[in-house]
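Indexing begins at 1, ligand by ligand and atom by atom, following the structure's order.
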Amino acid sequence: MLNPSRVPMSSPLFENVRKIIAEVEASAPKDAEELEVFRIRFLGTKNIVKPLFAEMRNVESTDRKAYGLLLNEAKTIAESTYKKFETELQAIQHTTGPDYDLTAPAFPAKLGSRHPISIVMNQIIQIFQRIGFDVVENREIEDEWHNFTALNTPEDHPARDMTDTYYLKYDLTRMLRSQTSTVQVHEMENRQPPIRIISPGRVYRNETVSARAHCQFHQVEGLYVDENVSFADMKQVLYYFAQQLYGDDVKIRLRPSFFPFTEPSAEVDVYWGLNSDADYRMTKGTGWLEILGCGMVDPNVLQMCGIDPDRYTGFAFGMGIERQAMRKYKIEDIRMLFENDVRFLKQFTAAF
Ligand code: DAH
(Lines give C-alpha, C1' and ligand atoms only; values in the text may rest on other atoms or scores of the structure.)
Protein backbone atom coordinates (compact mmCIF):
# COMPACT_ATOMS: atom_id res chain seq x y z
CA MET A 1 0.00 0.00 0.00
CA LEU A 2 1.10 3.49 -0.78
CA ASN A 3 1.80 5.75 2.11
CA PRO A 4 -0.80 8.55 1.65
CA SER A 5 1.34 11.01 3.57
CA ARG A 6 3.86 10.94 0.74
CA VAL A 7 1.27 11.70 -1.89
CA PRO A 8 0.63 15.34 -2.59
CA MET A 9 -3.07 15.67 -2.08
CA SER A 10 -3.48 18.89 -3.92
CA SER A 11 -2.94 17.97 -7.57
CA PRO A 12 -6.21 17.23 -9.43
CA LEU A 13 -4.32 14.59 -11.42
CA PHE A 14 -3.62 12.65 -8.25
CA GLU A 15 -7.23 13.18 -7.32
CA ASN A 16 -8.36 11.48 -10.55
CA VAL A 17 -6.33 8.37 -9.78
CA ARG A 18 -7.59 8.23 -6.25
CA LYS A 19 -11.18 8.40 -7.49
CA ILE A 20 -10.51 5.43 -9.73
CA ILE A 21 -9.01 3.46 -6.87
CA ALA A 22 -12.03 4.32 -4.71
CA GLU A 23 -14.34 3.20 -7.48
CA VAL A 24 -12.50 -0.08 -7.85
CA GLU A 25 -12.67 -0.69 -4.14
CA ALA A 26 -16.38 0.08 -4.03
CA SER A 27 -17.26 -2.22 -6.92
CA ALA A 28 -19.04 -5.48 -6.28
CA PRO A 29 -19.88 -7.29 -9.50
CA LYS A 30 -22.65 -9.82 -8.78
CA ASP A 31 -22.32 -12.03 -11.80
CA ALA A 32 -20.15 -12.86 -14.80
CA GLU A 33 -21.75 -10.10 -16.85
CA GLU A 34 -21.03 -7.38 -14.26
CA LEU A 35 -17.53 -8.74 -13.81
CA GLU A 36 -16.93 -8.33 -17.52
CA VAL A 37 -18.13 -4.70 -17.35
CA PHE A 38 -15.65 -4.20 -14.50
CA ARG A 39 -12.85 -5.78 -16.54
CA ILE A 40 -13.50 -3.64 -19.58
CA ARG A 41 -13.66 -0.44 -17.52
CA PHE A 42 -10.50 -0.96 -15.44
CA LEU A 43 -8.40 -3.54 -17.30
CA GLY A 44 -9.54 -3.63 -20.91
CA THR A 45 -7.53 -2.18 -23.80
CA LYS A 46 -9.44 1.09 -23.44
CA ASN A 47 -9.50 1.16 -19.65
CA ILE A 48 -9.87 4.43 -17.76
CA VAL A 49 -6.44 4.26 -16.08
CA LYS A 50 -4.51 4.21 -19.33
CA PRO A 51 -5.05 7.85 -20.40
CA LEU A 52 -3.83 8.98 -16.97
CA PHE A 53 -0.37 7.57 -17.72
CA ALA A 54 -0.15 10.10 -20.56
CA GLU A 55 -0.68 12.89 -18.01
CA MET A 56 2.71 12.07 -16.50
CA ARG A 57 4.32 14.93 -18.39
CA ASN A 58 1.95 17.45 -16.73
CA VAL A 59 3.01 16.40 -13.27
CA GLU A 60 5.66 18.37 -11.44
CA SER A 61 8.96 16.54 -11.84
CA THR A 62 9.24 16.15 -8.07
CA ASP A 63 5.88 14.45 -7.93
CA ARG A 64 6.27 12.25 -10.98
CA LYS A 65 7.55 9.23 -9.14
CA ALA A 66 4.71 9.38 -6.66
CA TYR A 67 2.21 9.82 -9.50
CA GLY A 68 3.65 6.83 -11.31
CA LEU A 69 3.50 4.74 -8.17
CA LEU A 70 -0.10 5.76 -7.58
CA LEU A 71 -1.08 4.82 -11.14
CA ASN A 72 0.59 1.44 -10.79
CA GLU A 73 -1.20 1.04 -7.51
CA ALA A 74 -4.52 1.67 -9.28
CA LYS A 75 -3.67 -0.92 -11.89
CA THR A 76 -2.62 -3.53 -9.34
CA ILE A 77 -5.71 -2.96 -7.21
CA ALA A 78 -7.92 -3.33 -10.28
CA GLU A 79 -6.17 -6.57 -11.24
CA SER A 80 -6.28 -8.13 -7.81
CA THR A 81 -9.90 -7.05 -7.29
CA TYR A 82 -10.81 -8.63 -10.61
CA LYS A 83 -9.09 -11.89 -9.64
CA LYS A 84 -10.80 -11.90 -6.26
CA PHE A 85 -14.27 -11.48 -7.79
CA GLU A 86 -13.56 -14.00 -10.47
CA THR A 87 -12.68 -16.69 -7.94
CA GLU A 88 -15.66 -15.81 -5.77
CA LEU A 89 -18.09 -16.04 -8.67
CA GLN A 90 -16.66 -19.36 -9.78
CA ALA A 91 -17.09 -20.71 -6.29
CA ILE A 92 -20.73 -19.56 -6.18
CA GLN A 93 -21.42 -21.10 -9.55
CA HIS A 94 -19.90 -24.32 -8.39
CA THR A 95 -22.29 -24.68 -5.47
CA THR A 96 -25.47 -23.22 -6.98
CA GLY A 97 -25.24 -23.21 -10.74
CA PRO A 98 -25.10 -26.03 -13.25
CA ASP A 99 -22.17 -28.23 -12.49
CA TYR A 100 -20.82 -29.96 -15.55
CA ASP A 101 -17.83 -32.11 -14.92
CA LEU A 102 -16.85 -33.03 -18.43
CA THR A 103 -14.23 -35.45 -17.20
CA ALA A 104 -16.74 -37.55 -15.25
CA PRO A 105 -17.49 -40.95 -16.79
CA ALA A 106 -20.90 -41.20 -18.47
CA PHE A 107 -23.69 -43.23 -16.91
CA PRO A 108 -23.68 -46.71 -18.38
CA ALA A 109 -26.11 -46.06 -21.23
CA LYS A 110 -28.62 -48.80 -21.91
CA LEU A 111 -28.43 -49.45 -25.62
CA GLY A 112 -31.59 -50.69 -27.21
CA SER A 113 -31.53 -53.56 -29.66
CA ARG A 114 -33.45 -54.18 -32.83
CA HIS A 115 -36.70 -56.04 -32.57
CA PRO A 116 -36.39 -59.57 -33.99
CA ILE A 117 -39.09 -58.74 -36.55
CA SER A 118 -37.06 -55.77 -37.79
CA ILE A 119 -33.91 -57.87 -37.92
CA VAL A 120 -35.51 -60.55 -40.09
CA MET A 121 -37.44 -58.02 -42.17
CA ASN A 122 -34.26 -56.07 -42.96
CA GLN A 123 -32.46 -59.26 -43.80
CA ILE A 124 -35.16 -60.27 -46.28
CA ILE A 125 -35.26 -56.76 -47.79
CA GLN A 126 -31.50 -56.78 -48.30
CA ILE A 127 -31.54 -60.17 -50.00
CA PHE A 128 -34.06 -59.00 -52.59
CA GLN A 129 -32.44 -55.59 -53.01
CA ARG A 130 -29.22 -57.32 -54.02
CA ILE A 131 -31.00 -58.79 -57.04
CA GLY A 132 -32.71 -55.59 -58.11
CA PHE A 133 -36.03 -55.49 -56.24
CA ASP A 134 -37.15 -52.03 -55.07
CA VAL A 135 -38.86 -51.56 -51.72
CA VAL A 136 -42.30 -49.90 -51.84
CA GLU A 137 -44.90 -49.45 -49.14
CA ASN A 138 -48.56 -48.65 -49.15
CA ARG A 139 -51.58 -47.99 -46.95
CA GLU A 140 -52.88 -50.23 -44.17
CA ILE A 141 -56.51 -49.09 -44.47
CA GLU A 142 -57.73 -50.48 -47.77
CA ASP A 143 -60.82 -50.74 -49.92
CA GLU A 144 -62.35 -53.97 -51.15
CA TRP A 145 -60.95 -53.45 -54.63
CA HIS A 146 -57.30 -53.51 -53.56
CA ASN A 147 -57.63 -56.12 -50.83
CA PHE A 148 -59.91 -58.56 -52.70
CA THR A 149 -61.56 -57.71 -56.00
CA ALA A 150 -58.51 -56.79 -58.07
CA LEU A 151 -56.80 -59.84 -56.57
CA ASN A 152 -59.39 -62.04 -58.18
CA THR A 153 -61.03 -62.96 -54.90
CA PRO A 154 -64.65 -64.00 -55.50
CA GLU A 155 -67.53 -62.14 -53.83
CA ASP A 156 -68.34 -65.15 -51.72
CA HIS A 157 -64.78 -65.93 -50.62
CA PRO A 158 -64.66 -66.57 -46.86
CA ALA A 159 -61.73 -64.16 -46.41
CA ARG A 160 -64.14 -61.33 -47.25
CA ASP A 161 -66.26 -62.22 -44.27
CA MET A 162 -66.28 -60.05 -41.18
CA THR A 163 -65.22 -63.06 -39.17
CA ASP A 164 -61.94 -63.01 -41.12
CA THR A 165 -61.26 -59.38 -41.93
CA TYR A 166 -61.55 -56.19 -39.84
CA TYR A 167 -63.86 -53.69 -41.51
CA LEU A 168 -64.07 -50.09 -40.34
CA LYS A 169 -67.01 -49.54 -38.02
CA TYR A 170 -68.45 -46.55 -39.87
CA ASP A 171 -67.46 -47.48 -43.40
CA LEU A 172 -67.97 -51.11 -44.25
CA THR A 173 -66.32 -50.70 -47.65
CA ARG A 174 -62.99 -50.12 -45.93
CA MET A 175 -60.86 -52.52 -43.94
CA LEU A 176 -57.47 -53.11 -42.38
CA ARG A 177 -55.61 -54.93 -45.14
CA SER A 178 -55.41 -58.66 -44.59
CA GLN A 179 -52.41 -59.16 -46.89
CA THR A 180 -49.62 -57.11 -48.44
CA SER A 181 -50.72 -58.40 -51.86
CA THR A 182 -52.70 -55.12 -51.99
CA VAL A 183 -49.44 -53.38 -52.89
CA GLN A 184 -49.20 -55.44 -56.09
CA VAL A 185 -52.46 -53.87 -57.21
CA HIS A 186 -51.34 -50.32 -56.36
CA GLU A 187 -48.06 -50.79 -58.20
CA MET A 188 -49.56 -52.29 -61.33
CA GLU A 189 -52.28 -49.64 -61.44
CA ASN A 190 -49.70 -46.90 -61.23
CA ARG A 191 -47.08 -48.00 -63.71
CA GLN A 192 -46.25 -50.33 -66.54
CA PRO A 193 -43.68 -53.16 -66.48
CA PRO A 194 -40.93 -53.85 -65.85
CA ILE A 195 -42.05 -53.92 -62.22
CA ARG A 196 -39.79 -55.56 -59.68
CA ILE A 197 -40.74 -54.76 -56.09
CA ILE A 198 -40.96 -56.10 -52.60
CA SER A 199 -43.27 -54.60 -50.02
CA PRO A 200 -42.91 -55.15 -46.27
CA GLY A 201 -45.69 -54.16 -43.89
CA ARG A 202 -48.30 -54.91 -41.26
CA VAL A 203 -51.44 -56.92 -41.96
CA TYR A 204 -54.50 -57.66 -39.83
CA ARG A 205 -56.78 -60.66 -39.52
CA ASN A 206 -59.63 -61.46 -37.22
CA GLU A 207 -57.82 -64.34 -35.55
CA THR A 208 -58.04 -65.51 -31.99
CA VAL A 209 -54.67 -64.73 -30.46
CA SER A 210 -52.78 -67.88 -29.51
CA ALA A 211 -49.21 -69.17 -29.38
CA ARG A 212 -49.25 -69.67 -33.16
CA ALA A 213 -51.58 -66.93 -34.45
CA HIS A 214 -52.01 -63.20 -33.96
CA CYS A 215 -54.52 -60.65 -35.19
CA GLN A 216 -51.71 -58.39 -36.36
CA PHE A 217 -48.54 -59.53 -38.05
CA HIS A 218 -46.05 -58.67 -40.80
CA GLN A 219 -45.62 -59.83 -44.37
CA VAL A 220 -43.26 -59.20 -47.22
CA GLU A 221 -44.80 -59.27 -50.67
CA GLY A 222 -42.86 -59.64 -53.92
CA LEU A 223 -43.84 -58.96 -57.49
CA TYR A 224 -41.97 -59.24 -60.79
CA VAL A 225 -43.79 -58.41 -64.02
CA ASP A 226 -42.12 -58.09 -67.42
CA GLU A 227 -42.06 -59.70 -70.85
CA ASN A 228 -41.22 -63.42 -70.71
CA VAL A 229 -41.12 -63.83 -66.93
CA SER A 230 -41.46 -67.54 -66.29
CA PHE A 231 -42.16 -70.00 -63.50
CA ALA A 232 -38.51 -71.05 -63.78
CA ASP A 233 -37.45 -67.45 -63.05
CA MET A 234 -39.61 -67.49 -59.96
CA LYS A 235 -38.15 -70.77 -58.78
CA GLN A 236 -34.60 -69.49 -59.24
CA VAL A 237 -35.28 -66.20 -57.39
CA LEU A 238 -36.91 -68.03 -54.49
CA TYR A 239 -34.08 -70.58 -54.38
CA TYR A 240 -31.56 -67.74 -54.21
CA PHE A 241 -33.60 -66.17 -51.42
CA ALA A 242 -33.74 -69.43 -49.43
CA GLN A 243 -29.99 -69.92 -49.83
CA GLN A 244 -29.31 -66.44 -48.56
CA LEU A 245 -31.62 -66.76 -45.56
CA TYR A 246 -31.01 -70.41 -44.63
CA GLY A 247 -27.54 -71.14 -46.03
CA ASP A 248 -26.07 -72.26 -49.37
CA ASP A 249 -26.80 -75.94 -48.83
CA VAL A 250 -30.52 -75.32 -48.27
CA LYS A 251 -32.95 -77.70 -49.96
CA ILE A 252 -36.27 -76.35 -51.18
CA ARG A 253 -39.35 -77.89 -52.72
CA LEU A 254 -42.41 -76.40 -54.38
CA ARG A 255 -45.81 -77.87 -53.62
CA PRO A 256 -48.88 -77.08 -55.73
CA SER A 257 -51.27 -74.80 -53.89
CA PHE A 258 -54.06 -72.34 -54.51
CA PHE A 259 -54.36 -68.53 -54.29
CA PRO A 260 -57.05 -66.58 -56.15
CA PHE A 261 -54.50 -64.16 -57.62
CA THR A 262 -51.97 -66.66 -59.02
CA GLU A 263 -52.19 -69.46 -61.54
CA PRO A 264 -50.46 -71.81 -61.11
CA SER A 265 -49.82 -71.35 -57.39
CA ALA A 266 -47.31 -73.01 -55.12
CA GLU A 267 -46.01 -73.11 -51.58
CA VAL A 268 -42.29 -73.27 -50.92
CA ASP A 269 -40.86 -75.50 -48.19
CA VAL A 270 -37.27 -75.61 -46.97
CA TYR A 271 -35.79 -78.78 -45.58
CA TRP A 272 -35.26 -78.31 -41.85
CA GLY A 273 -34.28 -81.77 -40.71
CA LEU A 274 -35.87 -84.23 -38.35
CA ASN A 275 -33.33 -84.94 -35.64
CA SER A 276 -34.80 -83.58 -32.43
CA ASP A 277 -38.19 -83.33 -30.78
CA ALA A 278 -38.17 -79.62 -31.62
CA ASP A 279 -37.58 -80.41 -35.32
CA TYR A 280 -40.46 -82.82 -35.14
CA ARG A 281 -42.78 -80.20 -33.61
CA MET A 282 -41.69 -77.45 -35.97
CA THR A 283 -42.09 -79.47 -39.13
CA LYS A 284 -45.13 -81.41 -37.97
CA GLY A 285 -43.14 -84.58 -38.43
CA THR A 286 -42.27 -83.97 -42.10
CA GLY A 287 -38.82 -82.40 -41.83
CA TRP A 288 -40.02 -79.65 -44.18
CA LEU A 289 -41.01 -76.07 -43.27
CA GLU A 290 -43.38 -73.99 -45.34
CA ILE A 291 -41.86 -70.53 -45.85
CA LEU A 292 -44.00 -68.75 -48.43
CA GLY A 293 -46.79 -68.73 -50.98
CA CYS A 294 -46.18 -67.87 -54.62
CA GLY A 295 -47.32 -68.25 -58.19
CA MET A 296 -47.65 -66.74 -61.65
CA VAL A 297 -49.81 -63.62 -61.52
CA ASP A 298 -53.26 -64.57 -62.83
CA PRO A 299 -53.90 -62.91 -66.25
CA ASN A 300 -57.20 -61.64 -64.79
CA VAL A 301 -55.29 -59.73 -62.15
CA LEU A 302 -52.95 -58.18 -64.74
CA GLN A 303 -55.98 -57.18 -66.81
CA MET A 304 -57.85 -55.63 -63.86
CA CYS A 305 -54.77 -53.60 -62.94
CA GLY A 306 -54.34 -52.24 -66.47
CA ILE A 307 -51.49 -54.45 -67.67
CA ASP A 308 -51.71 -56.30 -70.99
CA PRO A 309 -51.72 -60.05 -70.17
CA ASP A 310 -50.91 -60.93 -73.77
CA ARG A 311 -47.66 -59.06 -73.58
CA TYR A 312 -46.62 -59.45 -69.95
CA THR A 313 -46.32 -62.23 -67.42
CA GLY A 314 -45.20 -62.08 -63.84
CA PHE A 315 -44.72 -63.92 -60.60
CA ALA A 316 -45.63 -62.95 -57.07
CA PHE A 317 -44.90 -64.27 -53.62
CA GLY A 318 -45.75 -63.45 -50.04
CA MET A 319 -44.39 -64.52 -46.68
CA GLY A 320 -45.06 -63.94 -43.01
CA ILE A 321 -42.20 -62.39 -41.07
CA GLU A 322 -43.14 -63.62 -37.61
CA ARG A 323 -42.91 -67.19 -38.84
CA GLN A 324 -39.42 -66.68 -40.18
CA ALA A 325 -38.33 -64.93 -36.98
CA MET A 326 -39.80 -67.67 -34.79
CA ARG A 327 -37.97 -70.27 -36.80
CA LYS A 328 -34.71 -68.44 -36.87
CA TYR A 329 -34.67 -67.70 -33.13
CA LYS A 330 -36.63 -70.74 -31.96
CA ILE A 331 -39.37 -68.57 -30.44
CA GLU A 332 -42.23 -70.83 -29.47
CA ASP A 333 -44.97 -68.25 -28.78
CA ILE A 334 -45.82 -65.53 -31.32
CA ARG A 335 -47.23 -63.31 -28.53
CA MET A 336 -43.74 -62.69 -27.21
CA LEU A 337 -43.04 -60.71 -30.37
CA PHE A 338 -45.73 -58.17 -29.43
CA GLU A 339 -45.37 -57.88 -25.66
CA ASN A 340 -42.29 -55.64 -25.67
CA ASP A 341 -40.78 -57.33 -22.65
CA VAL A 342 -37.25 -55.93 -22.48
CA ARG A 343 -35.91 -59.16 -20.96
CA PHE A 344 -37.02 -60.93 -24.13
CA LEU A 345 -36.02 -58.22 -26.59
CA LYS A 346 -32.51 -57.63 -25.30
CA GLN A 347 -31.49 -61.12 -26.35
CA PHE A 348 -31.51 -60.08 -30.00
CA THR A 349 -28.47 -58.35 -31.34
CA ALA A 350 -27.71 -58.06 -34.99
CA ALA A 351 -25.71 -55.93 -37.32
CA PHE A 352 -28.82 -55.40 -39.46
N1 DAH B 1 -51.28 -63.09 -49.76
C2 DAH B 1 -51.00 -64.44 -49.38
C3 DAH B 1 -51.34 -64.61 -47.92
O4 DAH B 1 -51.72 -63.73 -47.29
C5 DAH B 1 -49.56 -64.77 -49.62
C6 DAH B 1 -49.24 -64.83 -51.07
C7 DAH B 1 -49.37 -66.04 -51.75
C8 DAH B 1 -48.86 -63.72 -51.74
C9 DAH B 1 -49.11 -66.11 -53.10
C10 DAH B 1 -48.58 -63.78 -53.09
C11 DAH B 1 -48.71 -65.00 -53.75
O12 DAH B 1 -48.18 -62.72 -53.80
O13 DAH B 1 -48.46 -65.04 -55.07
O14 DAH B 1 -51.21 -65.69 -47.41
Side-chain angles (χ1 to χ4, degrees), residues 121 124-125 128 133-140 142 144-154 157-161 164-166 175-189 193 195-207 212-226 229-239 241-242 252-270 289-302 304-305 307 309 312-324 334:
M121 185 110 99
I124 294 171
I125 288 172
F128 283 105
F133 283 76
D134 292 328
V135 176
V136 296
E137 287 176 311
N138 217 295
R139 62 177 82 133
E140 289 181 20
E142 267 302 352
E144 280 178 290
W145 171 258
H146 290 91
N147 201 70
F148 294 126
T149 312
L151 288 166
N152 217 22
T153 311
H157 195 283
R160 287 187 179 239
D161 204 277
D164 274 18
T165 298
Y166 291 119
M175 65 203 67
L176 296 178
R177 68 178 175 191
S178 62
Q179 50 187 349
T180 44
S181 302
T182 53
V183 187
Q184 288 187 34
V185 180
H186 285 290
E187 280 302 298
M188 289 192 282
E189 281 176 336
I195 297 173
R196 191 160 45 187
I197 55 119
I198 52 162
S199 185
R202 270 187 288 268
V203 299
Y204 305 86
R205 286 183 197 176
N206 192 3
E207 299 260 5
R212 297 190 58 80
H214 212 284
C215 54
Q216 172 208 299
F217 56 101
H218 298 77
Q219 286 188 329
V220 173
E221 187 78 10
L223 175 70
Y224 181 23
V225 185
D226 203 350
V229 174
S230 70
F231 196 91
D233 294 332
M234 178 179 82
K235 199 171 159 186
Q236 195 55 41
V237 164
L238 295 176
Y239 181 43
F241 164 72
I252 66 165
R253 71 177 184 189
L254 273 72
R255 272 182 297 105
S257 184
F258 174 80
F259 301 100
F261 33 88
T262 43
E263 181 58 38
S265 306
E267 277 172 319
V268 176
D269 296 341
V270 296
L289 279 175
E290 182 218 314
I291 58 163
L292 56 86
C294 60
M296 299 305 290
V297 181
D298 194 303
N300 269 344
V301 173
L302 294 175
M304 280 190 279
C305 296
I307 291 190
Y312 296 108
T313 50
F315 65 77
F317 55 89
M319 67 187 96
I321 306 301
E322 279 74 3
R323 273 189 158 209
Q324 319 283 337
I334 193 173

Protein heavy-atom partner closest to atom 11 (C) of ligand 1 - residue, atom, separation in Å: F261 CE1, 3.5 Å
Aromatic ring pairing F133/F128, orientation class (parallel under 30°, perpendicular over 60°, tilted between): perpendicular
K235 vs V268 side-chain heavy atoms within contact, under 4.5 Å: no
Validation row: H157, P260 side chains within 4.5 angstrom (heavy atoms): yes
Enumerated ligand 1 atoms positioned under 4.0 Å from heavy atoms of F259: 7 (C), 9 (C)
Ion pair check, R196 and D134, cut-off under 4.0 Å: no
Numbered atoms of ligand 1 (with element) below 4.0 Å of G295, judged on heavy atoms: 13 (O)
For atom 4 (O) of ligand 1, the protein heavy atom that lies nearest, with its residue and separation: R205 NH2, 2.7 Å
Residue portion contacting ligand 1 (non-hydrogen atoms closer than 4.0 Å) for A316: both
Per-atom contacts, ligand 1 versus C294 - under 4.0 Å to a heavy atom: 9 (C), 11 (C), 13 (O)
R255 atom CZ: more than 12 heavy-atom contacts under 6.0 Å: yes
Proximity to ligand 1 by part of M234, non-hydrogen separation under 4.0 Å: neither
Contacting atoms of ligand 1, where contact means under 4.0 angstrom from a heavy atom of Q184: 12 (O)
Y204 ring center within less than 6.0 Å of Y166 ring center: no
Centroid-centroid under 6.0 Å between F317 and Y224 rings: no
Steps toward side chain to side chain donor-acceptor pair (under 3.5 Å) verdict (S199, E221): CA-CA 5 Å; S199 185; E221 187 78 10; over 6 Å; no
Proximity to ligand 1 by part of F315, non-hydrogen separation under 4.0 Å: neither
Contacting atoms of ligand 1, where contact means under 4.0 angstrom from a heavy atom of T262: 13 (O)
T262 side chain vs G295 backbone, donor-acceptor pair below 3.5 Å: no
Numbered atoms and elements of ligand 1 in range of G318, under 4.0 angstrom, heavy atoms: 6 (C), 8 (C), 10 (C), 12 (O)
Smallest separation among heavy atoms of R177 and N147, with atom names: CA-OD1, 3.4 Å
For Q179, atoms of ligand 1 separated by under 4.0 Å from a heavy atom: 1 (N), 2 (C), 4 (O)
Subset of ligand 1 atoms that lie under 4.0 Å from at least one heavy atom of G293: 7 (C), 9 (C), 11 (C)
For ligand 1, the portion of E221 having any non-hydrogen atom under 4.0 Å away: side chain
Heavy-atom gap Q219 to ligand 1 smaller than 4.0 Å: yes
